[in-house]
Amino acid sequence: MLLQSERGTWRSKATVGGLRHRSAATTNVTAKNATKVNAISPPSVQSGRSESSSSTGSETNSDDEVGSIDQCQKQASIAKSSCSNDSVSLTETRDIATMKPSIKIDTQKDIARDTAIIYEFGGPLGVTFLMIGFPVLMSYLFICLGSHAGYLKNPFEMGFWSEGLRTIYPTWRAIKIYLGFNMFQYVTAATLPGVKVLGLPVPSLGGKQLEYLCNGVATWYVDLVLIFVLHKSGYFPITSVVDEIGPIMSVAMIWGVIVTLATYIVGVVSGRTHRMSGSILYDIFMGAVLNPRIGNVDLKMWSEIRIPWKLLFFISLSAAVKDHEINVARRLAAGMPPQVWHLFGGVLEMTAIQTTPPLLFMTLAHFLYVNACMKGEECIPTTWDIFYEKWGYMLIFWNFAGVPFSYCYSTLYLLNRSLSNNPIHHSTVYTITLFVILTTAYYVWDTANSQKNRFRMQQRGTYIKRNTFPQLPWGTLRNPTYVQTKHGNKLLTGGWWGIARKIHYTADLVMALSWGLITGFDSFIPYFYVCFFTVVLVHRVGRDHIHCKEKYGVDFEEYCRQVPYIFIPFVF
Ligand code: NDP
């Protein structure tokens, strides 16, 4: 019975806690509402299935099964009661198939893994290089893009930095835009309504599950309405973002460093550090604290979801609007009045969109990405970054500055070409093919992430059925196949997850490649993202393989036997 085995400026040239886990033998269980209780025990003496087994069920496309909000809220209250005593490393979950309450108990392995110090990224020396290297590389690529038409210039050339740095020097306007955006995102995150979900049991908090207010979708719609109003009213034209992009980027980088250091200092002074290596530089990079919060806002999740992706989209939207305005102005200058669209039976009139297709492509690509993060935000609290990673330079700098200002190179390159009156044009077939590739890869990426995350949430009883737009077909699996591990968790082998173990990475990489391909082949810089991202994901695959092998042992080997390919079926 499953119950038993659950254990455990782009300035235009033209215009401008201490661990308190108890030993296996001494842990007491005090969950008030538990229907069945196990004390922590090593994997070998777990009740339930002691051998790895593959459980097969029929897979159907269903979004209306397993678990209503009511059930989940009830479940949440059960889970809360189970962790109210922080000496207990126990949480309630529901059996995915029956939705009967079941129990998962964290293993000592989970706790050991959570506290083990492992040097990654080349240890203290490697991370020091990265901390210096990231801002320098971002500045270099930006200068090449903005001042050298996208060509990679020799950085030791006379005047490269002195000229280039002028285009990214922070301005008061950039500070106001960037910090204003951050503050607004904080206020909406803290106040707007949303669903509440529980994260994974945190070993260093005695198995306590933290609550996350997932109101991303509400904040996203508020953002869109507000930006429309600000733009239309002329109070803040959206094009200000690309007009000021260089200074905003440097403000973001400086802000990333300030927040990193402040978080580190506050963590150390308050004694709330976790998994410290003893090397200051390494700990600054990896972080000192695990779950920093201000009020009800979890800063790590907030900075990962609300800042980078929204900013990235607003950069692309800004570029698309700017491109439209330039093209309308050019038509007028050439004596061609802009075409007007009469929408809703003539009720609404607007100038026909004059944005070039590649920039529309990038705006769509970034819209899809940010929308996915908002509509499925409730799946994020159980991810590795939120559960395990600390809030240090790696996550802080990358989310505040790295993602928005280096994933936007394609957009900036396209805009620069347009501004210099040399816009990128492709054949209709090429453009349509890329739109098809982007949307297909997006579909696979969205549904693959959704299938796994919902499967995992269902196991833990934290699944919440959502109607956020769009809910795609095959986003939720009913009775999928999986490998039951002795650890207690199940490894999904159904849906996309039977095809390749990292199929969602493949889809993400295809999207990243399409962002480059839409810019043509004259500059490498728009391809920086896909190259960098490949390195990141290959590193994550290796890291995750080690993590899962250690956690699931022979069961993971069985899973790899059943799903032998990592990225592409029958190839790799
Ligand atoms: P994954 O989605 O690969 O999650 C890995 C964890 O999921 C494993 O450690 C394991 O956790 C669990 N898991 C793995 N396989 C299975 C399975 N078959 N069944 C059940 N659980 C499984 O992690 P990421 O967080 O790296 O990626 C999430 C998404 O975010 C991806 O689409 C990725 O492309 C994207 N991403 C984007 C980035 C960007 O900058 N654009 C950066 C990083 C990620 P457990 O120990 O709990 O079992």
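We count ligands from 1, going down the list as the structure has it; atoms in each ligand are counted the same way. In this chain, residues are counted from 1 in sequence order.
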Would you list the pairs meeting side chain to side chain donor-acceptor pair (under 3.5 Å) in which at least one residue belongs to residues 360-369, sequence neighbours left out? Ser316-His366, Tyr369-Asp508
Lys551 and Thr485: CA distance, side-chain angles, deciding distance, side chain to side chain donor-acceptor pair (under 3.5 Å) verdict: CA-CA 9 Å; Lys551 183 169 178 178; Thr485 69; over 6 Å; no
Structural part of Asn449 in contact with ligand 1, heavy atom criterion under 4.0 angstrom: side chain
Have a look at Arg456, Glu304, Lys551 and point out the one with the heavy atom closest to atom 10 (C) of ligand 1. Arg456
Report the C-alpha separation of Phe361 and Leu438 in whole Å, then their side-chain angles, then the decisive distance to 0.1 Å, and conclude whether the side chain to side chain contact (heavy atoms under 4.5 Å, CB included) test is met. CA-CA 9 Å; Phe361 178 94; Leu438 173 73; 3.8 Å; yes
How does Trp384 reach ligand 1, by side chain, by backbone, by both or by neither, if only non-hydrogen atoms under 4.0 Å count? neither
Is ligand 1 under 4.0 Å from a heavy atom in the side chain of Lys490, in the backbone, in both, or in neither? backbone
Note: ligand 1 atoms sitting under 4.0 Å from heavy atoms of Asp544 are 5 (C), 6 (C), 8 (C), 9 (O)
Heteroatom distance test (Trp497, ligand 1): nitrogen or oxygen, under 3.5 angstrom: no
Please compare Tyr505, Tyr529, Trp398 and report which has the shortest non-hydrogen distance to atom 24 (P) of ligand 1. Tyr505
From the options Lys452, His487, Gln451, select the one whose nearest heavy atom is closest to atom 22 (C) of ligand 1. Lys452
At under 4.0 Å between heavy atoms, which part of Thr383 makes contact with ligand 1: side chain, backbone, both or neither? neither
Hey, is Tyr369 touching ligand 1 through its side chain, its backbone, both or neither, going by heavy atoms under 4.0 Å? side chain
Can you tell me if Arg501 has a non-hydrogen atom under 4.0 Å from ligand 1? no
In a check of side-chain contact (heavy atoms from CB on, under 4.5 Å) between Ile437 and each of Ile518, Val510, Leu517, which one passes? Val510
If the plane angle is over 60° it's perpendicular, under 30° parallel, otherwise tilted; pick one for Tyr552 and His487. perpendicular
Lys/Arg N to Asp/Glu carboxylate O, Arg540 vs Glu389, below 4.0 Å: no
Under 4.0 Å, heavy atoms only, figure out whether ligand 1 is touched by the backbone of Tyr482, its side chain, both or neither. neither
Which segment of Trp309 sits under 4.0 Å of ligand 1 when only heavy atoms are counted: side chain
Sub-3.5 Å N/O-N/O distance, Leu492 and ligand 1: yes
According to the interplanar angle, ranging from 0 to 90°, do the rings of Trp384 and Tyr388 count as parallel (below 30°), tilted (30 to 60°) or perpendicular (above 60°)? parallel
Please compare Val483, Leu509, Asp508 and report which has the shortest non-hydrogen distance to atom 36 (N) of ligand 1. Asp508
For Phe314, check ring pair (Phe, Tyr, Trp, His ring centres under 6.0 Å) against everything at least two apart and list the hits. none
